[in-house]
> 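Below: one structure in structure tokens.
For the single chain, residues carry numbers from 1 onward in sequence order.
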Amino acid sequence: MPVLPKRLSGFTVIPIAYPSSSHFIYAKAHTPPKSKTSKSKNVLPEGRTLFLVNVPPDATERELTQLFKDCGTVERVLFDFNSADAPEEYASDSDEEMIEAAEESDTEARPRKKRKLQTSKPKPPKVIPLPSPSLRTLRKTGSCAHLIFLDSSSLAKALSPPTSPKPWPSSEEPRGLSHYMAKYDNERPPLDTIKAHADSFMEYFEFDLSKSKQEAKYRKGEAIVDEDGFTLVTRGGAYGQTLGGGVGVASKKFMLTGQIGGRKKKDKKKEKDVFYAFQKAEKQRKAILDMKKNFETDKQRIEKLKESRRFKPY
């Protein structure tokens, strides 16, 4: 059996033993970039962060924490971390303490306000969720991860080459073929569960729809009716207006014709074609000529129809 190197290109070789196979993880201390404006300095503290390469694609945070448990306490695990997209939730300990102290001082300086009595509002119905068993997240082959320890001594222990392969910790989450079988069953829940989820969602949808209608009544101009069935009316006009806005008494013209009364648009004045006597005579003469011309064309068309209808045995 060939001897495995303990270090390779600055990385410590960590052999992993599975029940029926083996794997290799490469580790080294994380070195932050030289740029001063980088966010990774707060997220990945120098001297406590372990950089791992060739992490198994189905590895979880719990499994990596258990794998390096003998080296020290792992604070958190970050998979495929990118310093350009560093989340703001991972801040340094000093920054978090300063923010908490500032918030406490603000709350002490502010005077206490009297709490307003909240009126009882109808609570929205709860949507029954579909079953979602905990399944491991599959990543790309050869992915990387960052392990952040509580102290620097734990990092030094993790970088020391192991004497024997480390056994991969067991987990309750299914792995391999069992993972895909559990995922298949999860995507096809029983009909009773789907029916309960759909019914509860429709109840929530109807509740939300009725709430939006109540809030939009005034804008739509609808009449607001109270619990006893009376339409709320305010002052305005001869007969008053509804609180929803704009409902008035129909006029007699609307009741008879169904048309809304309004100002009629005036037609544009057209210029007269015939103003002088000679123009009138020319117009009449042109009409007679057009009539004669149409008569001759109709006569020719009728003659053609008669010829086409004649019986021709040969």
> Quick check on Phe205: does its CZ atom have over 12 non-hydrogen neighbours (other residues, nucleotides or ligands) under 6.0 Å away?
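No.
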
> Can you tell if the side chain of Asp208 reaches within under 4.5 Å of the side chain of Pro124, non-hydrogen atoms only?
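No; the side chains remain at least 4.5 Å from each other.
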
> Determine whether Val74 and Leu64 make a side-chain contact, defined as any pair of heavy atoms from C-beta on separated by less than 4.5 Å.
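Val74 vs Leu64: side chains apart.
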
> To the nearest 0.5 Å, how far apart are NZ in Lys283 and NZ in Lys286?
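Here the interatomic distance stands at 10.0 Å.
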
> Applying side-chain contact (heavy atoms from CB on, under 4.5 Å), name anything that partners Thr73, two or more places apart in sequence or on another chain.
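In terms of side-chain contact (heavy atoms from CB on, under 4.5 Å), with neighbours along the sequence ignored, Thr73 is linked to Leu150.
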
> Provide the closest heavy-atom pair for Ala158 versus Ile14 in the form atom of the first, atom of the second, distance.
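Between these two residues, the closest heavy atoms are O-CD1, 4.3 Å.
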
> Indicate yes or no: at least one non-hydrogen side-chain atom of Ile16 is less than 4.5 angstrom from one of Pro167.
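No, too far: nothing below the 4.5 Å cut-off.
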
> Does the Asp80 side chain pair with the main chain of Cys144, one donor and one acceptor, at a distance under 3.5 Å?
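Answer holds: yes.
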
> Can you list everything that forms a side-chain contact (heavy atoms from CB on, under 4.5 Å) with Thr193? Sequence neighbours excluded, please.
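Per chain and number, Thr193 pairs via side-chain contact (heavy atoms from CB on, under 4.5 Å) with Leu130, Pro131, Pro190.
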
> Please tell me whether Arg7 and Thr12 have a donor and an acceptor in their side chains that are separated by less than 3.5 angstrom.
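The answer is yes; a qualifying pair exists.
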
> Are more than 12 heavy atoms, taken from residues, nucleotides or ligands other than Leu289, located less than 6.0 Å from that residue's CG atom?
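Enclosed: over 12 neighbouring heavy atoms sit under 6.0 Å from CG of Leu289.
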
> Could you give the distance from CZ (Arg48) to OG (Ser153), rounded to the nearest 0.5 Å?
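Result: 11.0 Å between the selected atoms.
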
> Rounded to the nearest 0.5 Å, what separation is found between the CE atom of Met202 and the CG atom of Leu209?
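Here the interatomic distance stands at 9.5 Å.
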
> Could you work out, with side-chain contact (heavy atoms from CB on, under 4.5 Å) as the rule, every residue matching Lys69, not counting sequence neighbours?
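For Lys69, the residues satisfying side-chain contact (heavy atoms from CB on, under 4.5 Å) (neighbours in sequence not counted) are Gln66.
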
> Run the numbers on Leu50 and His30 for side-chain contact (heavy atoms from CB on, under 4.5 Å), then give the verdict.
CA-CA 6 Å; Leu50 180 67; His30 170 71; over 6 Å; no

> Going by the salt bridge (charged side-chain N to carboxylate O under 4.0 Å, His left out) test, which pairs reach into residues 131-160, not counting sequence neighbours?
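Salt bridge (charged side-chain N to carboxylate O under 4.0 Å, His left out) check on residues 131-160 returns Glu63-Arg136.
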
> Residues in side chain to side chain donor-acceptor pair (under 3.5 Å) with Asp58, at least two apart?
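Per chain and number, Asp58 pairs via side chain to side chain donor-acceptor pair (under 3.5 Å) with Arg175.
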
> Please collect all salt bridge (charged side-chain N to carboxylate O under 4.0 Å, His left out) contacts where either partner lies in residues 183-199, sequence neighbours excluded, each pair once.
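Applying salt bridge (charged side-chain N to carboxylate O under 4.0 Å, His left out) to every pair that reaches into residues 183-199, excluding sequence neighbours, yields Lys195-Asp199.
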
> Give a yes or no on whether Leu138 and Phe79 share a hydrophobic cluster (residues Ile, Leu, Val, Met, Phe, Trp, Tyr; joining criterion: side-chain heavy atoms under 4.5 Å apart).
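Cluster IDs for Leu138 and Phe79 differ.
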
> With the side chain counted from C-beta on, respond yes when Phe68 and Ser154 share a heavy-atom pair under 4.5 Å apart, and no when they do not.
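The answer is no; the side chains never approach within 4.5 Å.
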
> How is the hydrophobic cluster of Met181 composed, in terms of its other members, when Ile, Leu, Val, Met, Phe, Trp and Tyr link through side-chain heavy atoms under 4.5 Å apart, directly or indirectly?
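Direct or chained contacts put Met181 with Leu177.
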
> Go through the structure and list residues passing side-chain contact (heavy atoms from CB on, under 4.5 Å) with Gln284, not counting sequence neighbours.
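side-chain contact (heavy atoms from CB on, under 4.5 Å) list for Gln284, sorted by chain: Lys280.
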
> Any chance you could pull the hydrophobic cluster mates of Ile302, using side-chain heavy atoms under 4.5 angstrom and chaining through other members?
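Via sub-4.5 Å side-chain contacts, Ile302 links to none.
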
> Can you tell me how far CD of Glu203 sits from CD1 of Ile128, rounded to the nearest 0.5 angstrom?
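Going from CD1 on Ile128 over to CD on Glu203, the span is 8.0 Å.
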
> On a heavy-atom basis, which atom in Lys28 and which in Gly10 lie closest, and how many Å separate them?
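Scanning both residues, the minimum pair turns out to be CB-O, 3.6 Å.
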
> Any donor and acceptor pair, going by atom type alone, linking the side chain of Glu282 with main-chain N or O of Gln279 inside 3.5 Å?
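Between the backbone of Gln279 and the side chain of Glu282 there is no qualifying donor-acceptor contact (under 3.5 Å).
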
> Scan residues 43-66 for pairs that pass ring-ring contact (aromatic ring centres under 6.0 Å, His included), counting only residues two or more places apart or in two chains.
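Counting only pairs at least two positions apart or across chains, the ring-ring contact (aromatic ring centres under 6.0 Å, His included) contacts touching residues 43-66 are Phe51-His146.
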
> For Glu61 and Arg76, run salt bridge (Lys or Arg N to Asp or Glu O under 4.0 Å): C-alpha distance rounded to whole Å, both residues' side-chain angles, the deciding distance at 0.1 Å, then the answer.
CA-CA 8 Å; Glu61 182 178 350; Arg76 60 176 177 265; over 6 Å; no

> Between Pro45 and Ile148, is there a side-chain heavy-atom distance shorter than 4.5 Å?
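They are in side-chain contact.
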
> Nearest 0.5 Å, what's the OG1-CG distance between Thr141 and Asn54?
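Spacing of OG1 (Thr141) from CG (Asn54) equals 8.5 Å.
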
> Would a distance-only check, ignoring hydrogens and angles, find a side-chain to backbone donor-acceptor pair under 3.5 Å from Ser21 to Ala17?
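Not a single qualifying donor-acceptor pair exists.
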
> Would you mind reporting whether Pro15 and Ser22 have side-chain heavy atoms less than 4.5 Å apart?
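No, every pair of side-chain atoms sits at 4.5 Å or beyond.
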
> With sequence neighbours left out, which residue pairs that include part of residues 166-203 fulfil the ring-ring contact (aromatic ring centres under 6.0 Å, His included) condition?
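Matches after skipping sequence neighbours: Tyr18-Trp168.
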
> Check whether any side-chain heavy atom of Leu44 lies under 4.5 Å from a side-chain heavy atom of Leu78, and answer yes or no.
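Result yes, sub-4.5 Å side-chain heavy-atom pair found.
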
> With the side chain counted from C-beta on, respond yes when Tyr26 and Val13 share a heavy-atom pair under 4.5 Å apart, and no when they do not.
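Yes, close enough: below the 4.5 Å cut-off.
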
> For Leu155 and Ala29, which heavy atoms make the closest approach, and how far apart are they?
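Looking at all heavy atoms of both residues, the shortest contact is CD2-CB, 4.2 Å.
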
> About how many Å separate OG of Ser143 and CG of Leu52, when rounded to the nearest 0.5 Å?
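Here the rounded value is 10.0 Å.
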
> So, are Glu173 and Arg62 salt-bridged, with charged N and O less than 4.0 Å apart?
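No.
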
> Does Arg301 have any salt bridge (charged side-chain N to carboxylate O under 4.0 Å, His left out) partners at least two apart in sequence or in another chain, and if so, which?
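With sequence neighbours excluded, Arg301 shows a salt bridge (charged side-chain N to carboxylate O under 4.0 Å, His left out) to Asp298, given in chain and number order.
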
